[in-house]
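Notes for the one structure printed next.
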Number of protein chains: 2
Amino acid sequence: MREGDAAPYVFNITTGSLRVYKLLPDGRRQITGFLFAGDFLGLAVGESYVFSAEAMEPSTVCRFRKGPFRALVAHSPPLEHLLLDRTYRELAAAQNQMLLLGRKTAIERMASFLFELPGYDPARPSAPGQVRLPMKRGDIADYLGLTVETVSRVLTRMKVKGLISIPSPNELIVERPERLRQHALGEV
Amino acid sequence: MREGDAAPYVFNITTGSLRVYKLLPDGRRQITGFLFAGDFLGLAVGESYVFSAEAMEPSTVCRFRKGPFRALVAHSPPLEHLLLDRTYRELAAAQNQMLLLGRKTAIERMASFLFELPGYDPARPSAPGQVRLPMKRGDIADYLGLTVETVSRVLTRMKVKGLISIPSPNELIVERPERLRQHALGEV
DNA sequence: CGGACCGTTGAAAGGTGTCAAGTTGCGTGG
DNA sequence: CCACGCAACTTGACACCTTTCAACGGTCCG
């Protein structure tokens, strides 16, 4: 779906992963978030979408027409409550991302990014965790407000420091979660 | 209110203006938004606030205890709908801010900022508009992901170009809205 | 085998940050 | 009434992190 297009549908993701982004006229892209199974898409008010979205891998979604969906929500307080709750979480995540984009260095951004991906177990803060990266380097760069080159260089630096290892371009192992977390908070 | 504190209240702003922000441990600050009369504050889920907020000038708010407020919302579908709608708008604004912080240059950020302040009349796109700046340079800098020095330099550059004029530090006149808008979109 | 895409690495350029100093405006107190 | 101190703002010089530009190797696939 494209920013500016008429917005007749709401989607719920069944499988796969999507990137949500906004563009400037000259092509500069900012990815505002990645979506995975269970996430909703296209809820915003208004007649047209305010952002674009694309699948990053083969994905399936459940599509609702907006009118009936709105009616359903309006008649189901629990559902509306669920949506409100999810939207608050999304807003809190957006604020964290603003902090990242406005005030963190490249390595701090990457460290923060790795912690929000599934694969980290908060119950075992120092246990290494494996992370799947369904997105390409360019997607990570446009999500973190960097260039692909910088993303690549930062990953190399982390590898050299022993913070992570990279078995393949789409897999990453966090070797030292506690030190990576310090980086994410700018405490190094 | 401070990030991390217990969150027993929800606020609605009556008069004045507030800044909402997040901090890194070393003191770096990112202002995620400015709030004005009519805006809600502290709606997010959870036991504690996920950001801090301060008044920028003498302000008054209407304070609700969270429990009763939630109950009120739950029993009033129109109210919940209103909150959901506002939150979507806030989320859309946050996505625009991510684009700004991740991909725009200093002058583009400042131009974008000036357009989201009250004082611009969309019905007369080329008419000069006066803008009140209740926040200090440091607040603008922390909102745009810049430093005070860069904010000051960009304003000077805009002044030299004839895009704006600055009668006093807290007042600003947009002289060439159409050219400023081009800057905001990176079309220069 | 050739080509497209992706990721990595190097060298140089540049925009913004850092550090420092100077100016202005204003409230306070002598 | 004026000197003083302070905070906010501006300006300059320089440093540095990230970007830009370029080249190279690897993988997949026609």
Side-chain angles (χ1 to χ4, degrees), chain A residues 19 24 26-31 54 56-58 100-114 131-161 164-172 183 186 188, chain B residues 19 24 26-31 54 56-58 100-114 131-161 164-172 183 186 188:
Chain A
R19 57 178 169 246
L24 287 173
D26 65 3
R28 280 175 284 174
R29 181 179 71 155
Q30 178 64 40
I31 292 182
E54 295 168 350
M56 296 191 293
E57 55 187 335
L100 181 152
L101 293 169
R103 289 302 179 211
K104 290 188 182 178
T105 65
I107 196 166
E108 290 165 3
R109 295 182 195 202
M110 182 59 66
S112 305
F113 172 62
L114 293 178
V131 172
R132 188 179 69 98
L133 299 174
M135 65 292 285
K136 303 189 182 303
R137 295 292 185 270
D139 294 328
I140 299 177
D142 284 350
Y143 180 59
L144 300 179
L146 302 169
T147 60
V148 269
E149 294 93 332
T150 300
V151 167
S152 183
R153 276 187 256 266
V154 165
L155 286 173
T156 302
R157 264 199 284 162
M158 287 181 166
K159 206 166 51 182
V160 171
K161 284 187 169 189
I164 62 172
S165 58
I166 306 179
S168 84
N170 292 318
E171 287 174 298
L172 185 148
H183 274 291
V188 177
Chain B
R19 55 178 171 247
L24 287 173
D26 65 2
R28 279 175 283 174
R29 182 179 69 157
Q30 179 65 40
I31 293 183
E54 294 168 350
M56 295 192 294
E57 56 187 334
L100 180 151
L101 292 170
R103 290 302 179 211
K104 291 188 182 178
T105 66
I107 195 166
E108 289 164 4
R109 295 180 195 204
M110 182 60 66
S112 304
F113 172 62
L114 293 178
V131 172
R132 187 179 70 97
L133 299 174
M135 65 292 285
K136 303 189 181 303
R137 295 292 184 271
D139 294 328
I140 298 175
D142 285 349
Y143 180 59
L144 300 179
L146 301 169
T147 59
V148 269
E149 293 93 332
T150 300
V151 167
S152 184
R153 277 187 256 266
V154 167
L155 286 174
T156 301
R157 264 200 284 162
M158 287 180 166
K159 205 164 53 180
V160 170
K161 283 186 169 189
I164 63 172
S165 57
I166 307 179
S168 84
N170 292 316
E171 288 174 299
L172 187 148
H183 274 290
V188 176

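Order of the sequence lines fixes the chain letters, A, B, ..., with proteins taken first and strands second; residue numbering starts at 1 for each chain.
Look at B:Thr150 and you'll find a side-chain N or O under 4.0 angstrom from OP1 or OP2 of C:dG17. Listed pair B:Thr156 / D:dT11 meets the phosphate criterion, a side-chain N or O lying under 4.0 Å from OP1 or OP2. Remark: B:Ser152 is not in phosphate contact with D:dC9, judged by side-chain N or O atoms under 4.0 Å from OP1 or OP2. At D:dT18, none of the side-chain N or O atoms of A:Arg153 fall inside 4.0 Å of OP1 or OP2 (strictly under the cut-off).
Rounded to whole Å, atom P of C:dT8 lies 6 Å from atom CD1 of A:Ile166. Note: CG (B:Leu172) to C1' (D:dC9) measures 14 Å, nearest angstrom. Residue B:Leu155 contributes atom CG, which lies 14 Å from atom C1' of D:dA8 at whole-angstrom precision. We find that CG of A:Asn170 is positioned 13 Å from C1' of C:dC5, with the value rounded to whole Å. Atom pair B:Lys136:NZ and C:dT24:P shows a separation of 19 Å (rounding to whole Å applied). Atom NZ of A:Lys104 and atom P of C:dG17 are 18 Å apart (whole Å). The distance from atom CD of B:Glu149 to atom C1' of C:dA20 is 10 Å, rounded to the nearest whole Å. Rounded to whole Å, atom P of C:dT9 lies 13 Å from atom CZ of A:Arg157.
Distance check, rounded to the nearest 0.5 Å: OG1 of B:Thr150 to CZ of B:Arg157 gives 9.0 Å. The structure places NE2 of A:His183 at 11.5 Å from CG of A:Leu114, a figure rounded to the nearest 0.5 Å. For the atom pair CG (B:Leu101) and OG (B:Ser112), the distance works out to 10.0 Å, reported to the nearest 0.5 Å.
Of the candidates B:Ile164, B:Thr105, B:Leu155, B:Met110 forms a side-chain contact (heavy atoms from CB on, under 4.5 Å) with just one, namely B:Leu155.
Backbone-only engagement by B:Leu146 is indicated by non-hydrogen atom pairs under 4.0 Å involving sugar-phosphate atoms exclusively.
Each of A:Lys159 and B:Gly145 lies near DNA chain C, and the nucleotide nearest A:Lys159 is the one positioned closer to the 5' end.
Here the closest non-hydrogen pair linking B:Arg103 and A:Leu24 is O-CD1, 4.2 Å.
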